[in-house]
A.B. asks: 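Just dropping this structure here.
Atoms within each ligand, like the ligands themselves, are counted from 1 in listed order.
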Amino acid sequence: MKRFVIGNWKANPLSQKRASTIIRGIKAAAKNTKKVQVVVIPPTPFLVPAKKEIATTKSILLGAQDLFWEESGAFTGKTTPQMIKDVGAKYVIVGHSELRATGDTDDIVNKKIRAAIKAKLQVILCVGEKKRDGEGNFIKFIREQLQAALVGIKPKDLEQIVIAYEPIWAIGTGKVADESTALEMILLVRHTLTQLYSRKSAEKVTVLYGGSVNAKNCSAFLTHPEIGGFLVGGASLQPKEFSSIIYETGQRT
Ligand code: PGA
C-alpha cells in the first residue's frame with residue numbers, strides 16, 4: 001500500500017509566488033516515487049494557484065485545511081465542501097488540534113466529517129492528546145475523540161478517511177514522538193476502529209503520524225508498516241526538507 005506524505009502549510013507562506021516556488025521544489029521528489037501519495041495543503045486563498053502549479057503532474061494532490069458543514073448561504077468567512085471540490089482539492093483536514101483549540105468541539109468535528117463525506121472529499125482526521133499522563137488517561141482520551149468524531153459514519157465511509165495521530169505535545173515543538181510511542185498509538189487507533197466497526201473495515205484505514213516530523217527523524221517510523229506516512233507542518237514549507245521526507249518514505253515503503 002502507498003504511504004502518505006502530507007504537507008499542512010497552516011498560515012504560510014505569505015505570497016502566491018512563494019507557494020508556487022514550494023510546489024515547484026517538491027515536484028521532482030513526488031514524481032520519482034510511486035510508493036508515496038504526496039498531498040499539499042495550502043491556505044485557502046492559495047488553493048487555486050497551487051492547483052495550477054500541480055496541473056502538470058499527477059503525483060501531487062491538493063487538500064484544504066478546513067471546511068464548513070453547510071452547503072452554502074449566509075455564513076461569512078466560511079468555505080463549503082463544494083467550493084473545495086470545485087477548485088480541485090480532494091482532501092480536507094478535520095479535527096486539527098489548532099482548530100480544536102480555537103473552538104472546534106467534538107460535535108463540530110463530527111459535522112465537518114459528515115459534510116466532507118457527503119461531498120465525496122477525503123478526510124484527514126486528526127486526533128491527539130495534550131500530554132501523556134502516568135495513569136494512561138490519554139488512551140481513554142484518544143478513544144473518545146475517535147468515537148465522537150465518527151458518530152453516524154458508516155463502515156463504507158471509512159474508505160474516505162485517513163487518520164493522523166498527532167500528539168499536541170509534539171506539534172511545532174521539535175519534540176517528535178519516538179517510533180514506539182507512535183506505533184503504540186496507531187495500533188490503539190486501529191483497535192478502536194475495530195471495536196467501533198470491524199477488523200475488516202479498520203484494516204482499510206491508513207493511520208499516519210504527525211508532530212515535528214523532519215527529514216532526519218522520519219526514517220525510524222518507516223520501519224513499521226503500520227505507520228502509513230506523515231502529516232508534516234513546519235518541514236513542509238521547506239522544499240528540500242519535504243522532498244527528503246518524500247524520498248525517504250519512498251525508499252522504505
Ligand atoms: P509540525 O506540525 O510538523 O510543525 O509539528 C504538524 C501538524 O500540525 O500537522
A.B. asks: Between Glu53 and Arg24 (salt bridge meaning N to carboxylate O under 4.0 Å), is one present in this structure?
C.D. replies: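 Looking at Glu53 and Arg24, the cut-off is met.
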A.B. asks: For Ile171 and Ser97, work out which heavy atoms get closest and say how close.
C.D. replies: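 Nearest pair, atom of Ile171 first, then Ser97: CD1-OG, 3.3 Å.
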A.B. asks: Taking the six-membered ring where the residue is Trp, are the ring centres of Phe221 and Phe230 under 6.0 Å apart?
C.D. replies: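 Yes, they do, as the ring centres are separated by less than 6.0 Å.
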A.B. asks: I'd like to know if the side chain of Gln65 pairs up with that of Trp9 as donor and acceptor (distance under 3.5 Å, no hydrogens or angles considered).
C.D. replies: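 No, no side-chain donor-acceptor contact under 3.5 Å.
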A.B. asks: Are Asp104 and Lys112 close enough for a salt bridge, meaning some N to O gap below 4.0 Å?
C.D. replies: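 Salt bridge flag = yes for Lys112 with Asp104.
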A.B. asks: Is any side-chain N of the basic residue among Glu184 and Arg132 closer than 4.0 Å to the acidic one's carboxylate O?
C.D. replies: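 Judged by the 4.0 Å cut-off on N to carboxylate O distance, Glu184 and Arg132 do form a salt bridge.
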A.B. asks: Please tabulate, one line per pair, the protein N or O atoms found under 3.5 Å from any N or O atom of ligand 1, giving the distance to one decimal.
C.D. replies:
residue	atom	partner	partner atom	Å
ligand 1	2 (O)	Lys10	NZ	3.2
ligand 1	3 (O)	Ser212	N	3.4
ligand 1	3 (O)	Gly233	N	2.8
ligand 1	4 (O)	Gly234	N	2.8
ligand 1	5 (O)	Gly172	N	2.6
ligand 1	5 (O)	Ser212	N	2.7
ligand 1	8 (O)	Lys10	NZ	2.7
ligand 1	8 (O)	His96	NE2	2.7
ligand 1	9 (O)	His96	NE2	3.4
ligand 1	9 (O)	Glu166	OE1	3.3
ligand 1	9 (O)	Glu166	OE2	2.7

